[in-house]
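The structure under discussion appears below in the form of structure tokens.
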Amino acid sequence: MVIKKLIIILLVTIISIPSYSIVTEVSLSYNYLKRTFDELNWFANQSTSAGVSIYLGERIALELGYTNGLYVKKERENSLSETAQRTTTQHTTSADLSAIFLFSERKAQVQPYAKCGVSHIQRRQEVQSDNDIPLSVNPPDAYAPSAGVGVKFLLSEQFSFRAGLDAVQTPIDESSSVTDLSGRAGISIIF
């Protein structure tokens with residue numbers, strides 16, 4: 001008899017709770033920069049990012065993001081006897097978990113936002129001079145605080161354009177860190 005009463009109370013509670021649809025947003029972005037000083041001295045940086053945001057209300061969302069980046073730097077090294085070409089290549093992957101706070105309603109045409117969270121960063125770097133054997137540098141994985149600001153422009157009920165600036169406090173070693181900034185632009189699909 002007690003079990004029947006508990007089942008009835010549970011059913012009444014479940015039925016009486018209003019249902020809300022979960023709004024999910026998938027975003028993709030790409031970033032590329034190349035700066036050339038001359039034909040033997042230049043650097044290039046590119047990254048692709050993907051994210052999934054789940055809205056917990058009208059102005060708050062949790063976003064899980066993944067970024068894959070590549071940095072290549074070529075520079076001429078001059079010594080007293082010869083000139084060598086040095087190439088530095090760094091691969092970086094980052095998984096982020098952030099809380100997003102919208103400053104306007106979710107259905108507004110222009111939606112400025114701020115976000116904060118934490119990133120898990122993996123890096124691998126190779127340095128090679130001319131045709132020598134590359135020297136590998138693999139710093140340990142790191143967790144770092146992150147923050148950002150941006151704006152979404154609603155293009156339709158399901159598509160938006162998103163641009164923003166993110167900052168991550170990346171550790172260099174156990175006692176020091178550097179702030180990495182990245183600008184992003186991309187599209188979002190709302191489900």
Side-chain angles (χ1 to χ4, degrees), residues 11-36 42-73 89-124 141-171 177-191:
L11 286 173
V12 168
T13 304
I14 291 173
I15 292 170
S16 66
I17 295 175
S19 65
Y20 297 100
S21 62
I22 296 176
V23 176
T24 306
E25 182 177 334
V26 176
S27 60
L28 301 170
S29 62
Y30 179 75
N31 180 21
Y32 180 79
L33 168 69
K34 183 173 183 180
R35 178 124 333 125
T36 303
W42 58 269
F43 70 88
N45 187 14
Q46 67 178 350
S47 65
T48 52
S49 298
V52 174
S53 301
I54 298 173
Y55 283 86
L56 304 175
E58 191 63 29
R59 295 182 181 220
I60 298 174
L62 284 179
E63 181 177 61
L64 180 61
Y66 177 79
T67 301
N68 187 355
L70 173 65
Y71 172 82
V72 177
K73 180 179 182 181
T89 305
Q90 179 169 309
H91 299 272
T92 304
T93 58
S94 169
D96 313 305
L97 178 62
S98 298
I100 297 176
F101 307 97
L102 294 177
F103 294 113
S104 65
E105 297 296 321
R106 194 180 60 212
K107 295 187 181 197
Q109 289 295 105
V110 178
Q111 302 172 18
Y113 66 87
K115 67 180 192 173
C116 63
V118 65
S119 297
H120 177 253
I121 302 167
Q122 295 176 312
R123 295 165 287 181
R124 186 180 82 241
D141 293 1
Y143 288 94
S146 63
V149 294
V151 65
K152 281 191 335 182
F153 299 97
L154 203 59
L155 303 174
S156 71
E157 284 187 27
Q158 292 185 308
F159 292 100
S160 62
F161 174 77
R162 183 173 170 179
L165 178 67
D166 294 342
V168 178
Q169 192 74 35
T170 307
S177 63
V178 64
T179 301
D180 289 327
L181 296 174
S182 62
R184 299 176 194 237
I187 60 167
S188 295
I189 303 168
I190 302 164
F191 295 99

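This chain uses plain numbering: 1 for the first residue, then up along the sequence. In this text, all values refer to a predicted model and were calculated from it rather than measured experimentally.
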Output all residues satisfying salt bridge (charged side-chain N to carboxylate O under 4.0 Å, His left out) with R123, sequence neighbours left out; order by chain, then residue number.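 In terms of salt bridge (charged side-chain N to carboxylate O under 4.0 Å, His left out), with neighbours along the sequence ignored, R123 is linked to no residue.
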Non-hydrogen atoms of R162 and I100 that approach each other most closely: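 Heavy atoms of R162 and I100 come nearest at NH2-CD1, 3.8 Å.
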What is the distance from atom [atom1] of [X] to atom [atom2] of [Y], rounded to the nearest 0.5 Å?
X    : Y    : atom1 : atom2 : value
S47  : Y30  : OG    : OH    : 8.0 Å
S94  : D96  : OG    : CG    : 3.5 Å
L28  : S49  : CG    : OG    : 9.0 Å
Q169 : I121 : CD    : CD1   : 9.5 Å
K115 : S53  : NZ    : OG    : 8.0 Å

Output all residues satisfying side-chain hydrogen bond (donor to acceptor under 3.5 Å, both in side chains) with Q122, sequence neighbours left out; order by chain, then residue number.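 For Q122 the side-chain hydrogen bond (donor to acceptor under 3.5 Å, both in side chains) partners, ignoring immediate neighbours, are T93, D141.
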Counting N and O atoms only, with roles assigned by atom type, does the side chain of S104 sit under 3.5 Å from a partner on the main chain of V110, one being a donor and the other an acceptor?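 Yes; judged by distance alone, with no hydrogens or angles, the pair exists.
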Can you give the donor-acceptor pairs under 3.5 Å from side chains of residues 152-160 to other protein atoms, not counting sequence neighbours?
unit_1 : atom_1 : unit_2 : atom_2 : d
K152   : NZ     : E25    : OE1    : 2.7
K152   : NZ     : E25    : OE2    : 3.3
K152   : NZ     : Y55    : OH     : 2.9
K152   : NZ     : Q111   : OE1    : 3.3
S156   : OG     : Q158   : N      : 3.3
S156   : OG     : F159   : N      : 3.2

For H91, ring pair (Phe, Tyr, Trp, His ring centres under 6.0 Å) partners two or more places apart: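 By the ring pair (Phe, Tyr, Trp, His ring centres under 6.0 Å) rule, H91 matches no residue at all.
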Could you verify whether a donor N or O on one side chain and an acceptor N or O on the other, from S27 and R184, lie under 3.5 Å apart?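 Per modelled atom types, S27 and R184 side chains form no pair under 3.5 Å.
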Does one side chain, of S29 or N31, offer a donor that lies under 3.5 Å from an acceptor on the other?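 N31 and S29 do not have a side-chain donor-acceptor pair below 3.5 Å.
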Stepwise side chain to side chain contact (heavy atoms under 4.5 Å, CB included) check, R59 with R106: CA-CA 6 Å; R59 295 182 181 220; R106 194 180 60 212; over 6 Å; no
Any pair with a residue in residues 98-124 that passes ring pair (Phe, Tyr, Trp, His ring centres under 6.0 Å), sequence neighbours left out, goes on the list, sorted by first then second residue, please.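 Output for this query lists H120-Y143.
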Only counting residues at least two apart or in another chain, list the ones meeting side chain to side chain contact (heavy atoms under 4.5 Å, CB included) with A44.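 Y32, K34, W42.
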